[in-house]
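Atom set for the values below is all heavy atoms of this structure, side chains included, hydrogens, waters and symmetry mates excluded. These numbers were taken from a predicted model, which means no experiment stands behind them. Positions are given from 1, in the same order as the sequence printed here.
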Amino acid sequence: MCAGAVRFKEVNNVRDHFSASNSPSRYEYRVAREFFQELGSPFHVVVAMQAVDGGSLLRPKYIDKALEIEDYLQYKLKGEYGNQSYSYSDFCGTQCETSDAVNIFLTMFRDQQKKKTAHVKLTYPSMDVFGHRIYLANNIFQVQVNNRSNIIEESKLVAINFHAIYNNETMYEIMKQWEKKLFEYSLSTENNALIKVYVTSEGLVSEEVRRTGLLAMPLMGVTFLIILSFTVLTTLKRDPVKSKPFESFLGVICPLLSLCASFGHLFWMGFEYLPIVTVVPFLILSIGVDDVFIFIHAWHRTPAKHSVRDRMAETLADAGPSISITSLTNLLSFGIGIFTPTPAIYTFCVFISTAVVYDYIYQIFFFSAVLVLGGNREERRMNAYLWWVHVPLNEEVEKSRKPSGAEKFVNKVLGKILDIWVDFIMATWSKFLVSAVMLTYWFFMARGVMQIAVGLSSEKLFLDDSPLLPLVRLQTNVIFKEGGQVAVFVNNPGNMSEPDTVPEIMRILRRFETANNSVGAASTHMWLLPYLPYVGEQEHGSIEFKYRYLPEFFKLMEYRRWSHFVNLGSHQDCLSEKPSCLQKFVFSTGFHNAVSWSDRLTLLENWRQMATEYEHLNLTIYEDFSMYSDQLLTIVPVTESTVICALVCMILILTLFTPSPVTIVTSSAAVLSINLGVFGCLVYMNIDLDPISMTTLLMAIGFSVDFVAHVTWHYYKGEFQSKRARIRHALAGIAWPMFQAGTSTMMAISVLAMVHAYMVQVFVKVVVLVIFLGMFHGLVVLPVVFAALPFTKTSGPQKKVVCPLPMHEAGPIPRKEQPKEFAEDVDEKEAKETPKPIRSSERA
């Protein structure tokens, strides 16, 4: 399976992977791409300039520097490709004029400053330059104008939009190299005394997301060493025969083997690697090591006099259901995520679900075989550290008869702690105390759930020291508030020569210009506005729409910038006045004061509603950041349905393994309570509900069942009539491995805290939180609830009574915890026992 790495392919596209496959923004983006497909694919980079002191950029020294930077970026900054250098002006083509607005404005403003004359009124949000209106609100921000004349007096932020279109891989590589040089130049301006330059683009955002994943990957080695050390050290015993250092080591190897097999399997199947998958190895290592602790603990609880075959059977009977429950719950919680429409969540869940399956297979078959080998070594009395050294029986007996004072003290303390713990659980006052704590907990968590914010912004995908963050924050706090453009694609314009068509389109334009939060006509880009007067000039006053003038109109220098607003058919169709001459066109208008994603979604929904009223024209709305707004449409319902399905599956699994109304109801309530806490704490930890946190919440559902299922299963399977004995048996059997598992998982994930990125920090916070809540519910809340409720175990086949070990990791089991009949039976059996081990061959 590992050979699947030869088909490894890493992909990283924020727009494709973090927006739902069925979201309207995906369709709208596809329409926009198809519109420009004849010309090529769009390339867009945003460059922002801001004064170092935070003041106006229109001051004399600053405006000179801004013009110098703009000229350098346009003509002198060059990217290398194929032994040649290319500047932006070499590949921008018809898109070059999209970046001219800043140069025109800054040049005229500087000239007016120096010459003290005003040939052109530099008004905001648009200015008229010799009959051509230039819209400035997409480029000039934090503007202060004269209250009377509306003339611009200062601006603290200037943004330049560099657009281009590529139609082959060579052009794309040229643009990428120029983009890379531009990014390096922006970093070099950090020490500039006057102006700081920021830059962002879709390509740079994707690279930053990839950098986050690359930074986390080396920490996997650190995590492995920490987990390995913790696992080996916490499973060592004083007895050199019973200790399991090599078995623990191979147990930690199991998750790594499952990762190699699962990843290789998926790469063979053609799955692509996304940066969000980086956390999968950390999670699988944690899940796999949890099973190792349970297996080893169950092995130590089996009587040493039994044969290896019988001990392995008893180990699987004890640990198998617990491991199966947790594996099933993890598989189902992640497996349900496969059906979510967001590609990033889907890919993450596919990788981790496959890894969970392989890990379960390795634990059941590989690690059980490792334990059998260790059991054979133990049966032959070979040293656990030096397998070729034999340990004589008399030495072990001597040691067992004379335990050290420290060992006696530790056993006594652990036993006392367990007794106090059980006494607390059985006390009446503890039920009132736990009830008060849980009511308070539920109140604050429910309050947190009601305040969860929904939405993913690009800054959440970056490292905290990312050079893209300043501009992303400027976009959110300034640019989104002051300016934005919505494009309206007319995909089926029909016959423009008909008398009602053009007036209808102009009415549609007017509706968008006067909609909520719209800037108005000053922000509109509509090619018909200059074209109809041009037709009038050619037709000597008649402004009826004509197709035949379209080709020559778009070839004229002053109107060339409008050519990318239309898709024309053949030249002959235009000359023949056929409607097929004009296949599609687009216009745009500005909007402002829409900062939050909910506000932007409201605008989007309003625009889309207007577009549906003109089905015969097939209108499509497009806005650059609609993918983030549309998450509000899918994240909440998808999360709700996923959580409900996962919880239903958890209840079915608990019903299968613990078919008792008390255990099913209480365990399900505990799982709900844990998940309520996880969701509620999102607000208090400054985490929003987004595709990243949603993947973590799916993981939390599976993890929450782990702790509950272990305690419930051990409580259910106990063969005791006394409720106290049943609870003590459950805690003595699972508390220590649960503590080991929870601690090891937190240690594995906490290493990721070194990566200062929202995408990684979410996993760290939620994992630590769900482990804490899971252990609290499993070891405190559930036992108290069990003690308060009557319990009747469903009838089934009578099991053979196996005498419990007098010692275990949690301390000695006092005789008072055993029912009288059971204790007498045990005493009789112990009297007949001999110290000689019973081998498989002898039993046969």
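Residues Y198 and L474 form a side-chain contact, since some pair of their non-hydrogen atoms from C-beta on lies under 4.5 Å apart. Side-chain contact between W607 and L603: present, with at least one pair of heavy atoms (C-beta onward) separated by less than 4.5 Å. In this structure, E179 and F43 have side chains that are in contact, with non-hydrogen atoms separated by less than 4.5 Å. Between V199 and V46, every side-chain heavy-atom pair lies at or beyond the 4.5 Å cut-off. Side-chain atoms of I508 and R511, non-hydrogen and from C-beta on, never get closer than 4.5 Å to each other. Using a 4.5 Å heavy-atom threshold, the side chains of T170 and Y81 count as touching. Considering only heavy atoms from C-beta on, I621 comes within 4.5 Å of F512 through its side chain. Inter-residue side-chain proximity for Y549 and Y534 is flagged as met; some heavy-atom pair is nearer than 4.5 Å.
A salt bridge links R211 and E208; the closest N-O separation between the charged side-chain nitrogens and carboxylate oxygens is under 4.0 Å. In summary, E154 and R59 do not engage in a salt bridge, as defined by a charged side-chain N under 4.0 Å from a carboxylate O. The pair D630-R608 counts as a salt bridge, with a side-chain nitrogen and a carboxylate oxygen less than 4.0 angstrom apart. Looking at E513 and R510, a side-chain N of the basic residue comes within less than 4.0 Å of a carboxylate O on the acidic one, giving a salt bridge.
A donor-acceptor distance shorter than 3.5 angstrom exists from the side chain of Q761 to the backbone of V755, with no hydrogens or angles considered. Side-chain N or O atoms of N139 include one that pairs as donor or acceptor with a backbone N or O of A159 at under 3.5 Å. Remark: the backbone N or O of R473 is paired with a side-chain donor or acceptor of N477 at under 3.5 angstrom. Within the 3.5 Å criterion, the main-chain N or O of Y124 finds a donor-acceptor partner in the side chain of N150. For the pair S201 (side chain) and V45 (backbone), a donor-acceptor distance under 3.5 Å is absent. Checking side-chain atoms of S466 against main-chain N and O of L468 turns up a donor-acceptor pair under 3.5 Å. A donor-acceptor pair is defined here as one N or O able to donate and one able to accept, closer than 3.5 Å; no such pair exists between the side chain of Y531 and the backbone of Y559. Under the 3.5 Å distance criterion, the side-chain polar atoms of T123 are matched with a main-chain donor or acceptor of S126. Between the T189 side chain and the S186 main chain, a donor and an acceptor come within less than 3.5 Å of each other. The backbone N or O of L157 lies less than 3.5 Å from a partner atom in the side chain of S155, making a donor-acceptor pair.
Environment of CG in N147: sparse, with no more than 12 heavy atoms of neighbouring residues, nucleotides or ligands closer than 6.0 Å. Annotation: K176, atom NZ; neighbour count of heavy atoms from other residues, nucleotides and ligands within 6.0 Å is above 12. Counted within 6.0 Å of OH on Y172, heavy atoms from surrounding residues, nucleotides or ligands total 12 or fewer; the atom is thus considered open. Within a 6.0 Å radius of CE in M506, more than 12 heavy atoms belonging to other residues, nucleotides or ligands are found.
Not less than 6.0 angstrom separates the ring centroid of F565 from the ring centroid of F585. For an aromatic pair to be called close, the ring centres must be under 6.0 Å apart, and F162 with W178 satisfies this.
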* To do: Show your reasoning for whether side chain to side chain contact (heavy atoms under 4.5 Å, CB included) applies to I152 and N146.
  => CA-CA 6 Å; I152 299 172; N146 186 287; over 6 Å; no
* Does the pair Y88 and L77 meet the rule for a side chain to side chain contact (heavy atoms under 4.5 Å, CB included), with working shown? -> CA-CA 8 Å; Y88 173 72; L77 177 68; over 6 Å; no
* After noting the C-alpha distance and the side-chain angles of F587 and F489, does the key distance pass the ring pair (Phe, Tyr, Trp, His ring centres under 6.0 Å) rule? -> CA-CA 7 Å; F587 65 85; F489 289 88; 9.4 Å; no
* Asked: Going through the checks in order, is the ring pair (Phe, Tyr, Trp, His ring centres under 6.0 Å) test met by F91 and Y86?
  -> CA-CA 8 Å; F91 59 75; Y86 298 89; 7.8 Å; no
* Run the numbers on D90 and S87 for side chain to side chain donor-acceptor pair (under 3.5 Å), then give the verdict. => CA-CA 5 Å; D90 293 329; S87 66; 3.2 Å; yes
* **Residue pair S693, D688: steps toward the side chain to side chain donor-acceptor pair (under 3.5 Å) verdict** => CA-CA 7 Å; S693 60; D688 297 333; over 6 Å; no
* When you look at I195 and Y62, which way does the side chain to side chain contact (heavy atoms under 4.5 Å, CB included) test go after all the steps? -> CA-CA 7 Å; I195 293 179; Y62 291 86; 4.2 Å; yes
* T347/V277 under side chain to side chain contact (heavy atoms under 4.5 Å, CB included): CA gap, chis, key distance, verdict -> CA-CA 8 Å; T347 303; V277 178; 4.1 Å; yes
* Kindly indicate, with the supporting measurements, whether the criterion side chain to side chain donor-acceptor pair (under 3.5 Å) is fulfilled by Y273 and T278. => CA-CA 9 Å; Y273 183 88; T278 303; 3.1 Å; yes
* List the steps and the verdict of side chain to side chain donor-acceptor pair (under 3.5 Å) for N567 and Q583. => CA-CA 6 Å; N567 278 174; Q583 297 179 347; over 6 Å; no
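Checked against side chain to side chain donor-acceptor pair (under 3.5 Å), H756 has no partners two or more places apart in sequence or in another chain.
In this structure, H163 and H44 have parallel ring planes: the angle between them is below the 30° cut-off, well short of the 60° mark. The aromatic rings of F554 and W527 sit tilted relative to each other, their planes meeting at an angle between 30° and 60°.
Contact between F35 and K584 at its shortest, heavy atoms only, is CE1-CB, 3.6 Å. Nearest heavy atoms, A344 versus L274: CA-CD1, 3.9 Å. Closest approach of L601 and S629 over heavy atoms only: CD1-O, 3.8 Å. Taking all atoms of both residues into account, the shortest heavy-atom contact from L57 to Q50 is CD2-C, 4.0 Å.
Taken to the nearest 0.5 Å, the CG atom of N517 stands 8.5 Å off from the CZ atom of F591. Put simply, NZ on K481 and CZ on F141 are 13.0 Å apart, with the number rounded to the nearest 0.5 Å. Summarising the geometry, atom CZ belonging to F105 is positioned 6.0 Å from atom CG belonging to L122; distances are rounded to the nearest 0.5 Å. Distance CD1/I687 to CD1/I452: 10.0 Å, rounded to 0.5 Å. In this structure, D624 CG and Q475 CD are separated by 9.5 Å, a value rounded to the nearest 0.5 Å. Here the CD1-CG distance, from I63 to L58, works out to 5.0 Å after rounding to the nearest 0.5 Å.
Side-chain atoms of S89 and Q74 form no donor-acceptor pair, as typed in the model, at a separation below 3.5 Å. Inspection of the Q485 and S588 side chains reveals an N or O donor paired with an N or O acceptor under 3.5 Å. A donor-acceptor pair shorter than 3.5 Å cannot be found between the side chains of Y29 and S626.
Within the structure, salt bridge (charged side-chain N to carboxylate O under 4.0 Å, His left out) contacts touching residues 193-205 (residues at least two apart or in different chains) are R15-E202.
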